[in-house]
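Report on the following structure.
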Amino acid sequence: MLEKAYAPRSVEAKWAALWKAKKSFHAEAKDGGERPYVIVIPPPNVTGALHIGHALNNMLQDVLIRYHRLHGRVTCWVPGTDHGGIATQSVMEKQLRAEKLTRHQVGREKFLERMQQWTRDCKSTILGQLARLGCALDLDREAFTMDEPRARAVYKAFEDLWGKGLIKRGERMVNWCVRCGTALSDIEVEYEERKGKLWHMRYPGSDGSEGLVVATTRPETMLGDTAVAVNPRDGRYAKLVGKTLTLPLMDRNIPVVADDSVDFAFGTGAVKVTPAHDPNDFEISQRHQLPSIKVIGPDGRMSAAAGPYAGLSREAARDKVVEDLGARIEKIEDHPHSVGTCYRCNQVIEPLLSWQWFVSMKPLAEPAIKALDEGRFKLFPESKGIEYRNWLVGIKDWCISRQIWWGHRIPVWYCMGCNKDVIGAGTTKEESGGFSLHQVAGAKGVISLERPGNCAACRGDDWIQDPDVLDTWFSSGLWPLAVFGWPDETKDLKYFYPTQVLVTGYEIIYLWVARMQMMGLELRGEVPFPHALIHGIVRDKAGKKMSKSLGNVIDPLVMMDKHGTDAFRFSLAVQAHLGRDIPFAEDSITGPRNFANKVWNSTRFVLMNLPETPPEGGYPLDKLSHCCLELADKWILAEYQATLAEVRKRVEAYEIAQAADALYTFLWDKFCDWYVELAKIRLAGIDGEGKEAARAVMVQVLTGTLQMLHPFMPYITEELFEALKPFAGINADSVLDSKAPALEFDWADPETSARMKALMEMVVAIRTTRSELNVPPKLKLKAFFQNGHDEGKKALIQERSDYILHLARLESLAPAADANRPAGSVTAVAAGCTFYLPLEGVVDFQKERARLEKELVDIEKQLAGIQTRLSNLDFVKRAPAEEVRKAQAQRDDLSAKKVRIRETLASLG
RNA sequence: GGGCAGUUAGCUCAGCGGUAGAGCACUGUCCUCACACGACAGGGGUCACAGGUUCGAAUCCUGUACUGCCCACCA
């Protein structure tokens with residue numbers, strides 16, 4: 001016998017252990033046959049434990065995997081983790097800081113050793129958490145973006161793109177994070193609006209004239225100015241173009257150039273040009289052959305080129321420059337503007353001119369756009385596809401080199417013999433970092449995964465590897481290919497690739513989804529997955545992002561411990577609408593937790609009403625001649641069938657929330673509240689055939705519902721299925737190994753549903769009357785009914801009076817002796833029938849009168865609405881006949897009801 | 001500046017051409033022999049606003065106002 005309330009702990013432990021022991025989630029590649037259903041996990045970074053967003057992401061994938069497995073597909077869900085580049089290196093640097101160490105003190109090799117150890121620990125934490133969540137991952141396929149097979153994939157991709165001329169090295173303006181000490185790609189920069197100022201400063205003419213005034217938000221960069229630009233059509237400055245100005249503080253002569261990019265409505269219409277520290281200025285400098293002067297170094301401090309300001313921080317230099325300019329600053333305005341910040345550490349980004357590696361993206365984006373346009377790739381929800389497309393159309397080159405240590409080292413080597421003169425003296429073989437590419441800027445590289453042999457040119461073997469590592473997203477972009485052994489044409493790759501769907505949050509559509517599409521198309525000529533399910537972010541109830549600093553994070557493990565994994569999963573699932581954020585608080589789990597208990601207890605009830613040992617073959621529906629089924633049976637079977645169809649439609653459209661909701665509503669509101677209550681009549685009786693029919697229907701419908709619910713609530717459904725399956729006549733070891741329910745007969749029947757609906761309305765009407773008049777629930781009433789002229793209703797009531805008796809708690813129900821209300825009775829009207837409940841001395845008839853009067857008002861209001869509609873000839877003429885009929889039926893029903901209530905009121909005196 | 005979402009019951013959200021739903025919260029009755037993590041009943045919304053299309057609009061179209069997100073070279 002099951003416990004009275006569902007206790008998740010032991011059940012979860014039992015099934016998790018069982019799945020693991022049986023390797024339930026492992027799939028082997030086959031030589032053909034039906035295509036498997038494959039998902040590769042978005043590999044979590046090895047930065048620590050998983051958060052609630054990971055729980056959402058993985059729950060969704062698990063739902064899809066388990067669903068498709070139940071529906072007969074071979075499924076494979078590949079687990080793995082991502083080395084996480086800057087993010088993970090930051091975590092380690094923080095640890096080092098606690099030991100008062102820097103990574104440079106530790107050294108590259110030792111640092112990487114520590115990273116490896118950390119990664120090992122972290123991976124096991126993550127996999128443990130995923131297992132706890134119930135994820136049906138194929139653990140034999142676990143991959144890591146920096147393990148050996150993945151390293152080969154990265155090398156191959158680099159070599160391929162390099163060979164096609166799509167990877168280039170160059171000195172360009174990049175986003176430099178001063179704290180992380182590395183370049184970032186454009187999409188790794190986040191912009192935020194900040195309060196700033198606009199300084200107007202005067203640059204005098206070299207000839208002693210008054211010159212002009214430039215406006216800037218960054219006065220400190222003036223130290224690196226090499227020109228001032230004005231719009232060629234701006235009359236105010238026409239006579240200055242071609243002249244030179246004297247740069248204050250630096251006493252340098254700089255030209256005034258005319259450039260179309262200058263907006264003469266902004267500021268003073270004159271722009272100071274600092275090519276080394278502003279992307280726009282850099283472009284202007286390219287157009288006018290202006291020199292670049294780097295006055296800010298990679299450490300965020302002013303460089304030697306800044307003269308007396310060298311060594312100052314950017315902020316201090318700004319203050320000092322402003323102070324030193326003195327009266328040459330003619331105006332200071334408030335000027336809010338957006339500032340780029342590092343997406344990992346939130347520090348202000350410094351645009352910096354430096355040597356980096358770039359991927360030309362235009363040629364890669366074109367096939368991706370084509371794939372989208374041709375429908376070979378689709379995002380869910382579709383609206384995300386618009387944003388995705390726009391981004392691809394406007395794509396820029398991708399800076400892939402990072403000046404950090406944790407990552408795939410760029411597979412390019414420089415021969416020290418050949419490059420003696422160009423490689424800076426400061427570089428050693430072991431140590432690098434900072435502005436490393438400057439030092440190898442002019443060197444000629446050789447591509448190789450391993451250290452090359454003797455140099456083809458000078459026969460030397462003294463090599464230095466390019467010190468930079470690749471952007472972590474470079475390897476992530478290869479993930480779906482790499483997990484199956486690409487570039488080797490493995491059996492796995494042939495069978496499992498391409499995958500079916502990628503499940504991820506909208507925040508990494510560009511960073512990751514787009515890159516995978518492009519890489520997949522470029523390297524293998526097909527999309528790595530045809531669908532992307534895009535979900536939102538889990539936020540707190542106030543709509544704020546969860547973050548440690550805000551202190552509003554919810555730990556999924558704690559939630560699972562306290563309320564059970566299934567309830568936790570379901571609480572996310574019911575809110576997982578495509579592309580929408582999920583407001584979440586601990587109390588979000590209350591409903592789902594109660595639901596889990598409801599699932600548990602409904603099964604408990606069914607089991608209590610079955611014999612101890614199941615009959616041979618269980619209680620299959622097909623053995624049951626349909627003649628043994630009564631109204632409620634046919635009704636619930638139809639509802640069940642409709643629910644199965646609904647759930648399938650929703651899951652296949654990735655509408656997980658709606659699918660979960662359909663199951664919830666069916667099980668609770670239909671199966672428990674109506675069907676089970678009605679089945680009790682037969683279960684309590686001795687009628688052999690009827691009892692068997694009720695048992696069969698309950699067992700079959702519940703078992704099937706549990707199977708369909710399994711993807712959402714894997715643990716509890718396994719436990720209950722196990723108890724139920726012999727009665728259902730199912731042999732499978734577990735839900736996971738069973739087949740989703742399929743009904744051979746079409747149970748949908750308008751007649752059945754109309755009859756059931758009428759009975760339900762009658763029951764509700766009687767209950768409402770009882771409740772509103774405070775009739776004690778325990779009191780069983782004698783009741784009489786009047787069916788007006790509807791003989792069908794009379795037959796229905798008499799045939800199924802047992803339903804009404806049971807659900808409305810009546811002792812008896814008989815036709816009223818005459819057309820009048822029996823003395824001392826109260827009234828309930830529904831479905832064209834009137835019910836009289838003699839309650840002399842029990843209820844307050846003043847209350848009854850008030851109640852009926854109120855109901856009458858409601859009815860008249862409704863009736864008026866319908867009558868207006870029906871008296872509209874256009875409606876009758878143009879609306880579908882079905883709608884008109886519906887309205888008429890409603891009108892007839894309401895007016896009959898009105899008449900009944902009026903009669904009753906009249907008889908109340 | 002451009003794009004994309006959203007604006008529905010106290011709260012969080014579904015619904016997306018036939019006249020408003022759920023969960024939680026609230027009120028009342030009941031510990032009725034599966035479940036008080038429960039049952040039954042109830043209160044509560046001019047579906048942001050203004051036009052338009054339609055027999056009929058929360059639902060489609062146009063515009064407005066807020067809110068959020070994304071993109072963009074706002075010196």
Side-chain angles (χ1 to χ4, degrees), chain A residues 2 4-6 173 187 191 193 196 198-199 214-218 221 228-229 261-263 266-274 278-284 335-338 351 381 383-384 386-387 390-391 394 506-507 509-510 536-537 541 543 563 567 571 574-575 577 579-585 587-588 590-609 657-658 661 664-665 669 672-673 676-677 680 684 763-764 767-772 774-778 807-809 862 865-866 869 872-880 882-884 886-887:
Chain A
L2 301 178
K4 193 170 167 184
Y6 174 51
M173 185 63 64
I187 37 178
Y191 289 88
E193 196 72 13
L198 195 60
W199 282 268
V214 296
T216 182
T217 54
R218 299 197 55 195
T221 61
V228 167
S261 70
V262 180
D263 172 6
F266 187 91
T268 61
V271 188
K272 57 188 272 320
V273 181
T274 321
D278 183 279
N280 286 320
D281 294 5
F282 179 71
E283 285 180 19
I284 295 175
H335 179 69
H337 64 293
S338 74
S383 62
K384 296 290 174 198
I386 300 169
E387 289 177 24
N390 289 342
W391 185 78
Y506 56 71
E507 71 277 14
I509 291 177
Y510 309 141
I537 291 171
K541 273 276 157 85
H563 310 287
S571 70
V574 287
Q575 295 196 86
H577 295 281
R580 306 279 268 122
D581 287 347
I582 296 178
F584 195 91
D587 66 20
S588 303
T590 307
R593 188 267 253 117
N594 296 351
F595 178 58
N597 195 240
K598 192 74 180 176
V599 173
W600 182 264
N601 269 290
S602 51
T603 307
R604 183 162 162 255
F605 173 81
V606 170
L607 289 169
M608 281 170 65
N609 284 282
Q658 288 91 335
D661 187 64
Y664 180 101
T665 305
D669 299 351
C672 290
D673 289 351
V676 166
E677 288 308 316
K680 280 177 181 173
V763 168
V764 168
R767 284 197 241 196
T768 303
T769 299
R770 291 183 59 133
S771 173
E772 287 183 344
N774 297 324
V775 178
K778 263 182 274 196
L807 294 176
R809 308 207 122 246
Q862 285 181 55
I866 291 178
R869 198 142 57 106
N872 181 350
L873 285 179
D874 282 330
F875 171 70
V876 180
K877 216 164 54 190
R878 310 177 93 131
E882 174 61 19
E883 289 303 325
V884 178
K886 254 161 69 184

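Letters A, B, ... mirror the listed sequences (proteins, then strands); counts begin at 1. Keep in mind the model is a prediction, meaning the values are calculated, not measured.
Among the heavy atoms of the strands lying under 4.0 Å from A:Ser602 is at least one base atom, whether or not backbone atoms are also near. Counting any heavy atom pair closer than 4.0 Å across all strands shown, A:Glu193 reaches a base atom. Using a 4.0 Å heavy-atom distance criterion, A:Ser338 is classed as a base contact. The residue A:Val262 sits close to a base: some heavy atom pair falls under 4.0 Å. Residue A:Ala596 is classed as having no contact, given no heavy-atom separation below 4.0 Å to the nucleic acid. Within the 4.0 angstrom heavy-atom criterion, base atoms lie near A:Pro880. Counting non-hydrogen atoms under 4.0 angstrom, A:Lys886 reaches nothing in the nucleic acid. Within 4.0 Å (heavy atoms only), A:Arg767 reaches sugar-phosphate atoms of the nucleic acid but no base atom.
Within the shown strands, B:U12 is the pairing partner of B:A22 under the Watson-Crick or G-U definition, both distances less than 3.5 Å.
Checking the phosphate oxygens (OP1, OP2) of B:A22, no side-chain nitrogen or oxygen of A:Gln658 falls inside 4.0 Å. Residue A:Arg604 places none of its side-chain N or O atoms closer than 4.0 Å to OP1 or OP2 of B:A34. A:Thr768 has a side-chain polar atom (N or O) that falls below the 4.0 Å cut-off from OP1 or OP2 of B:G42. Contact annotation: A:Lys598 reaches the phosphate of B:A39 (side-chain N/O to OP1 or OP2, under 4.0 Å).
A salt bridge does not link A:Asp278 with A:Arg218: every distance from a Lys NZ or Arg NE/NH1/NH2 to an Asp or Glu carboxylate oxygen is 4.0 Å or more.
Atom-to-atom, CG of A:Leu607 to P of B:C35 comes out at 14 Å; the value is rounded to the nearest Å. Whole-Å rounding puts the A:Phe595 CZ to B:C35 C1' distance at 13 Å. In this structure, A:Asn601 atom CG and B:G38 atom C1' are separated by 9 Å, rounded to whole Å. Taking atom CZ of A:Phe875 as the reference point, atom P of B:A57 lies 12 Å away to the nearest angstrom. Between the CG atom of A:Asp669 and the C1' atom of B:G21 there is a distance of 12 Å, rounded to whole Å. The interatomic distance linking A:Asp263 (CG) with B:A75 (P) rounds to 11 Å, in whole Å.
Ring geometry for A:Trp600 against A:Tyr6 counts as tilted: the plane angle lies between 30° and 60°, on a 0 to 90° scale.
No donor-acceptor contact under 3.5 Å links the side chain of A:Arg770 to the base of B:U29.
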Could you list, one pair per line, each protein nitrogen or oxygen that sits under 3.5 Å from a nitrogen or oxygen of nucleotides 3-13 of chain B, together with the distance?
from	atom 1	to	atom 2	distance (Å)
B:C4	O2'	A:Glu387	OE2	3.4

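Rounded to the nearest 0.5 Å, atoms CG (A:Leu198) and NE2 (A:His337) are 9.0 Å apart.
Rounded to a whole angstrom, the distance from the C1' atom of B:G6 to that of B:G15 is 15 Å. Taking atom C1' in both B:C55 and B:C49, the straight-line distance is 26 Å, to the nearest Å. A distance of about 14 Å separates the P atoms of B:U7 and B:C61, rounded to the whole Å.
Side chains of A:Arg869 and A:Asn872: no donor on one and acceptor on the other come within 3.5 Å.
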